[in-house]
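Just below is one structure, and these are the notes that go with it.
If you're wondering where the values come from, they're calculated on a predicted model, not measured in any experiment.
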Amino acid sequence: MKMNALLPLRGRRSTVALRTYASLCDRLHRELTSRIFPLSFDYLYTQPSHLLNLTLADLLPEALVSSRTHTALPSVTRALHMPAGHHLVYFPPQVTLSQLLPDGTDVLHSPGGPFQRRLWAGGSVRFPVTRGLILNGARAVCVETIRDVIVKGCEGTEKVIVKIERRMGVVQEGEEEDSIRHRILKEAEDETGHASVIERRDLAFMRKKTQGELNYDKMNFDNCQRVIKPPASPEYRFKIKPTKSLLFRFSALTFNAHSIHLDEAYTQNVEGFRNLLVHGPLTLTLLLTVLEAHLAKSNQNIRELHYRNVAPLYVNEPLTICGKPKSGKDNAVWDVWIECKNGGLAVRGTALIGPM
């Protein structure tokens, strides 16, 4: 007699559910990590970075952006250092309109149905080369791969975490694809190769919400969400209020059509959020921009930044960008974070610092 026949009915159902769950994990991991993405090329001209500076200029304190607010486009002959976080407005997704899903996201990293909702969960960025990328018009590449896929939660409420790695570096005109991949992309994550910027993105994919879940969300739009206490006594605090215009311009600069940043009705009626959401990569840009400007006073650079989004940030609601050195770390490690309008923690990060 088979062992399964001796199990109680509830036990047999649990065993089947576990096998189904394990099968889902294996299938998604195998299918997603085997995807090979085409190389994404760009030219490191100053225009995208310049437009991002203009977009942020009126939001951040004058001391942080005074040297970046000139409306004249900088010349590539000045060979400007790309500000930390500005890689996000280069190497846009290479997709056609038919490769966009109903929510405006692209198909590149999607696990497919029934996981139709996507949120930016966090990630990291490393700058292996001290000065990173230089805005001198050079040809550059972004080599992208899916490093891992993790399924969390119970069957029916799973969350699929897709861990993406993007490596950016300068290439020569006419360089063969095999040569580029060999130089830039390395099998071991801690090997930098010839990459000047290495970014990791953690995207969370979830099932579509039921009408009951949406009704519950809407009833609680005005209720206070759970407050996560942020670190105390920051060395700097800068408060801004993200507007619809900011969200639109950042979406345009990053070639991002995700409806949760652009369509209020969709965000409320399909995703169950009370208003448009601030982009995950925009919060990363804010963390990096403010920290980089603060460190410039002491002639230091950002080497790495790891961050996690723990609560949503909404349009037209103030957010506060904060940071301070970790105690006992000789200012080599910083806590950086963003607080939402009620003072609770929305983004938590850790930065590694080094001399210029």
So, [X] side chain and [Y] main chain: donor-acceptor pair closer than 3.5 Å or not?
{"X": "Lys324", "Y": "Ala232", "answer": "yes"}
{"X": "Asp42", "Y": "Phe91", "answer": "yes"}
{"X": "Gln94", "Y": "Pro92", "answer": "yes"}
{"X": "Arg35", "Y": "Leu108", "answer": "yes"}
{"X": "Ser259", "Y": "Tyr266", "answer": "no"}
{"X": "Gln99", "Y": "Leu97", "answer": "no"}
{"X": "Glu292", "Y": "Ala84", "answer": "yes"}
{"X": "Thr243", "Y": "Leu246", "answer": "yes"}
{"X": "Gln268", "Y": "Arg274", "answer": "yes"}
{"X": "Lys209", "Y": "Glu271", "answer": "yes"}

Please check if atom [atom1] in [X] has more than 12 non-hydrogen atoms from other residues, nucleotides or ligands closer than 6.0 Å.
{"X": "Arg78", "atom1": "CZ", "value": "no"}
{"X": "Lys208", "atom1": "NZ", "value": "no"}
{"X": "Phe248", "atom1": "CZ", "value": "no"}
{"X": "Phe255", "atom1": "CZ", "value": "no"}

Could you go through the side chain to side chain contact (heavy atoms under 4.5 Å, CB included) check for Leu101 and Gln116 one step at a time? CA-CA 9 Å; Leu101 298 168; Gln116 300 172 347; over 6 Å; no
Check the angle between the aromatic planes of His261 and His279 and answer parallel, tilted or perpendicular using the 30° and 60° thresholds.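 Ring orientation, 0 to 90° scale: parallel.
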Angle class for the His294/Tyr236 ring planes (parallel below 30°, perpendicular above 60°, tilted otherwise)?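 His294 and Tyr236: tilted rings.
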With clusters defined by side-chain heavy atoms of hydrophobic residues (ILVMFWY) lying less than 4.5 Å apart, directly or transitively, does [Y] cluster with [X]?
{"X": "Leu203", "Y": "Ile260", "value": "no"}
{"X": "Val162", "Y": "Tyr307", "value": "yes"}
{"X": "Ile228", "Y": "Leu119", "value": "no"}
{"X": "Val89", "Y": "Leu60", "value": "yes"}
{"X": "Leu56", "Y": "Leu51", "value": "yes"}

Which heavy atom of [X] sits nearest to which heavy atom of [Y], and what is that distance?
{"X": "Leu277", "Y": "Leu247", "result": "O-CD2, 3.4 Å"}
{"X": "His306", "Y": "Ser124", "result": "ND1-CB, 3.4 Å"}
{"X": "Ser196", "Y": "Pro128", "result": "O-CD, 3.3 Å"}
{"X": "Cys25", "Y": "Val151", "result": "SG-CB, 3.5 Å"}
{"X": "Ile134", "Y": "His81", "result": "CD1-CA, 4.2 Å"}
{"X": "Glu173", "Y": "Tyr43", "result": "OE2-OH, 2.7 Å"}

Electrostatic pair Glu144-Arg166, nearest N-O below 4.0 angstrom: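 Arg166 and Glu144: salt-bridged.
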Salt-bridge criterion met for Glu31 and Arg27 (N-O under 4.0 Å):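 The answer is no: the pair does not qualify as a salt bridge.
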From [atom1] ([X]) to [atom2] ([Y]), nearest 0.5 Å:
{"X": "Ile302", "Y": "Leu291", "atom1": "CD1", "atom2": "CG", "answer": "4.0 Å"}
{"X": "Arg348", "Y": "Cys322", "atom1": "CZ", "atom2": "SG", "answer": "13.0 Å"}
{"X": "Ser49", "Y": "Leu135", "atom1": "OG", "atom2": "CG", "answer": "5.0 Å"}
{"X": "Asp263", "Y": "Leu276", "atom1": "CG", "atom2": "CG", "answer": "7.5 Å"}
{"X": "Lys186", "Y": "Glu165", "atom1": "NZ", "atom2": "CD", "answer": "12.0 Å"}
{"X": "Asp335", "Y": "Thr350", "atom1": "CG", "atom2": "OG1", "answer": "5.5 Å"}

Kindly indicate, with the supporting measurements, whether the criterion side chain to side chain contact (heavy atoms under 4.5 Å, CB included) is fulfilled by His29 and Asp148. CA-CA 7 Å; His29 189 279; Asp148 199 6; 3.1 Å; yes
Give the intermediate values and the outcome of side chain to side chain contact (heavy atoms under 4.5 Å, CB included) for residues Leu319 and Thr283. CA-CA 10 Å; Leu319 60 84; Thr283 63; 5.6 Å; no
Residue from His182, Arg167, Arg183 passing side-chain hydrogen bond (donor to acceptor under 3.5 Å, both in side chains) with His194: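 It is Arg183; the other options fail the test.
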Compare all side-chain heavy atoms of [X] with those of [Y] and state whether any distance is below 4.5 angstrom.
{"X": "Phe41", "Y": "Val171", "value": "yes"}
{"X": "Tyr90", "Y": "Leu133", "value": "no"}
{"X": "Arg181", "Y": "Val143", "value": "yes"}
{"X": "Lys218", "Y": "Asn269", "value": "yes"}
{"X": "Phe37", "Y": "His109", "value": "yes"}
{"X": "Thr254", "Y": "Leu282", "value": "no"}
{"X": "Asp103", "Y": "His258", "value": "yes"}
{"X": "Glu235", "Y": "Asn331", "value": "no"}

With sequence neighbours left out, write down each residue that passes ring-ring contact (aromatic ring centres under 6.0 Å, His included) with Trp120, or none if nothing qualifies.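 Scan of Trp120 (ring-ring contact (aromatic ring centres under 6.0 Å, His included), adjacent residues dropped) gives none.
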Criterion side chain to side chain contact (heavy atoms under 4.5 Å, CB included) on Val278 and Tyr314, from CA distance to verdict: CA-CA 6 Å; Val278 177; Tyr314 294 99; 5.8 Å; no
Please tell me whether Arg249 and Thr55 have a donor and an acceptor in their side chains that are separated by less than 3.5 angstrom.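 Yes, a side-chain donor-acceptor pair sits under 3.5 Å.
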